[in-house]
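Notes for the one structure printed next.
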Amino acid sequence: MAVSELLCFFITLAVAVIVGTVFYKLGFPAGAMVGALIGVSALNILTGWAFMPAAVKNLTKTVAGLFVGMSMTMEMVRNMKRLFKPVIVLVGVIFTLCLSAGTLLYHVTGLDAVTALFCVAPGGLTDMTLMTMDMGGDAAVVAVLQVLRLLSVYCISMPLARILGKKLGGFVHENPKSSVEKKPLSREEKRKGMVLAAVVALIGGAVGLGLAELLHFSVLVLIGAMVTTAAVNIKTGKLYMPKAVRRAVQILSGALIATGVTADSLEKLKTVILPAVFICCGFVLINLVLALLLHRVCKLDMATAVLSSSAGGATEAALAAPDLNADPSVVSVLQISRLICTTSFYPLLVQLLYQLL
């Protein structure tokens, strides 16, 4: 790593930690993540210095997968069959609404069909931008509007999950003080649990990284860590990780997303104000429609339904779930199912619609 990159990394990390901590202390929903996102975005727009090594991204996914896996228990496995219906509803409805929104965006703006359809893709920022480039769309526009999509999720959908969860019912944790620690542990048990959790997650993350590079599917890093930690936690129930580590991962997640926001992106945004407003409003509406369907048809609590149907990242949604009284295991399963389907099938549907349009 060059010295300049190392310096930029430390500056980025410092801004993310400071602003993320301030937002967290102020009680903002998912404040650590949102604060880091806003702070590092401002840094990058003003200076262009924001930088996060690729290894940090993989580490973040690994630790996020660890926390998701630790939320899974034998009881959750027994109830997994009930999530089949929510997955079908979520994927089917969100694909229909997003493809319809992309088609409308194409007709009412000057965007080409590929760009318009990927602007509203319910997938990862990096994955969707790279796919846009591969299919000849305007990746810069997609990157800007995908960041705004994520901002609308963090600034609107997450507070909405908290509000509706309080009014209509949220997930009740076995221990409201922690979604990971189920019973009081001694200092020695915590130490051993942390070491075991770290080793298991790193092994799973490494396997997932290898498969991700082979199959070009980056979410496999998170899935690998999640599967291994879930398996060990279901079998032993001895894994442990402090809540402070989860907060640190939220800050890193926000910083990673913000590195995609640049001064050039801000200039580009001036030409796509209408699509930006359309996308932000559209995804909030889609989120509400899906949440109500999941709540009424699939009987999920409202906080979990809102967060599960938000078009944010699986990593970010799963990390934010405990703070918003949502069920992290259900959120992660539904979010990852959406990401798998989006990455696997959405480009094929875009290609088909592109030919028709």
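Residues: numbered from 1 along the sequence shown. Hydrogens, waters and symmetry mates play no part in the numbers below; they use all other heavy atoms, side chains included.
Two residues are said to be in side-chain contact when any heavy atoms from C-beta on lie closer than 4.5 Å; Cys281 and Val277 meet this criterion. Taking 4.5 Å as the limit, some side-chain heavy atom of Met135 sits within range of a side-chain heavy atom of Phe118. Within the 4.5 Å cutoff, no side-chain heavy atoms of Ser310 are placed close to those of Phe283. Phe51 has its side chain out of reach of Ser4: every pair of non-hydrogen atoms, C-beta onward, lies at least 4.5 Å apart. Phe23 is listed as a side-chain neighbour of Ile38, based on a closest heavy-atom distance under 4.5 Å. A 4.5 Å side-chain heavy-atom check between Phe278 and Val108 finds every atom pair outside the cut-off. Residues Glu5 and Pro53 are not in side-chain contact: their nearest non-hydrogen atoms beyond the backbone lie 4.5 Å or more apart. Contact of the Val221 side chain with the Lys57 side chain is not registered, since no non-hydrogen atoms from C-beta on lie closer than 4.5 Å.
Taking CG from Leu145 and CG from Leu105, the interatomic distance works out to 7.5 Å, rounded to the nearest 0.5 Å. Here NZ of Lys85 is found 10.5 Å from CG of Leu294. Values are rounded to the nearest 0.5 Å. Note: Tyr106 OH to Leu353 CG = 11.0 Å, rounded to the nearest 0.5 Å. Put simply, CG on Leu117 and CG on Leu111 are 10.0 Å apart, with the number rounded to the nearest 0.5 Å. Distance CG/Leu66 to OG1/Thr229: 5.0 Å, rounded to 0.5 Å. Rounded to the nearest 0.5 Å, atoms OG1 (Thr304) and CG (Leu334) are 9.0 Å apart.
Between Ala36 and Ile251 the shortest heavy-atom distance is CB-O, 3.3 Å. Across all non-hydrogen atoms, the minimal contact from Met241 to Ala198 is CE-N, 4.3 Å. Residues Tyr346 and Ala121 come closest through the heavy atom pair CE2-CB, 3.5 Å. Pairing each heavy atom of Ser309 with each of Asn287, the nearest pair is OG-ND2, 2.8 Å. The minimum heavy-atom distance between Ala197 and Tyr240, with the atom names listed, is CB-O, 3.7 Å. Among all heavy-atom pairs drawn from Phe67 and Arg246, the shortest one is CZ-N, 3.4 Å.
With hydrophobic clusters built from ILVMFWY side chains whose heavy atoms lie under 4.5 angstrom apart, Ile11 does not share a cluster with Val22. Note on Met226 and Leu215: same hydrophobic cluster, where clusters join Ile, Leu, Val, Met, Phe, Trp and Tyr whose side-chain heavy atoms are under 4.5 Å apart, directly or indirectly. Val350 and Phe345 fall within a single hydrophobic cluster, where Ile, Leu, Val, Met, Phe, Trp and Tyr are joined by side-chain heavy atoms under 4.5 Å apart, directly or via other members. Both Leu104 and Leu349 belong to a common hydrophobic cluster when Ile, Leu, Val, Met, Phe, Trp and Tyr are linked at side-chain heavy-atom distances under 4.5 angstrom. Note: the hydrophobic cluster containing Val114 also contains Leu99 (ILVMFWY, side chain heavy atoms under 4.5 Å, direct or indirect links).
Between the side chain of Thr228 and the main chain of Val200, a donor-acceptor pair closer than 3.5 Å is present. Within the 3.5 Å criterion, the main-chain N or O of Thr115 finds no donor-acceptor partner in the side chain of Asp138. In this structure, Thr47 contributes its side chain and Asn44 its backbone to no donor-acceptor pair below 3.5 Å. In this structure a side-chain-to-backbone donor-acceptor pair under 3.5 Å is present from Gln335 to Leu307. In this structure, the side chain of His295 does not engage the main chain of Asp301 through any donor-acceptor pair within 3.5 Å. Not a single donor-acceptor pair under 3.5 Å links the side chain of Ser308 to the backbone N or O of Ala305. No donor-acceptor pair under 3.5 Å is formed between the side chain of Thr236 and the backbone N or O of Asn233.
Using a 4.0 Å cut-off between a side-chain N of Lys or Arg and a carboxylate O of Asp or Glu, Glu189 and Lys192 do not qualify as a salt bridge.
Under a cut-off of 6.0 angstrom, the local environment of OH in Tyr354 is sparse, with at most 12 non-hydrogen atoms contributed by other residues, nucleotides or ligands.
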Are Met302 and Leu292 close enough, and set up right, to give a side-chain contact (heavy atoms from CB on, under 4.5 Å), and what steps lead you there?
-> CA-CA 8 Å; Met302 200 60 187; Leu292 288 171; 3.7 Å; yes

Take Leu209 and Lys61 through the test side-chain contact (heavy atoms from CB on, under 4.5 Å) and record every step on the way to the result.
-> CA-CA 10 Å; Leu209 178 60; Lys61 289 182 178 180; over 6 Å; no

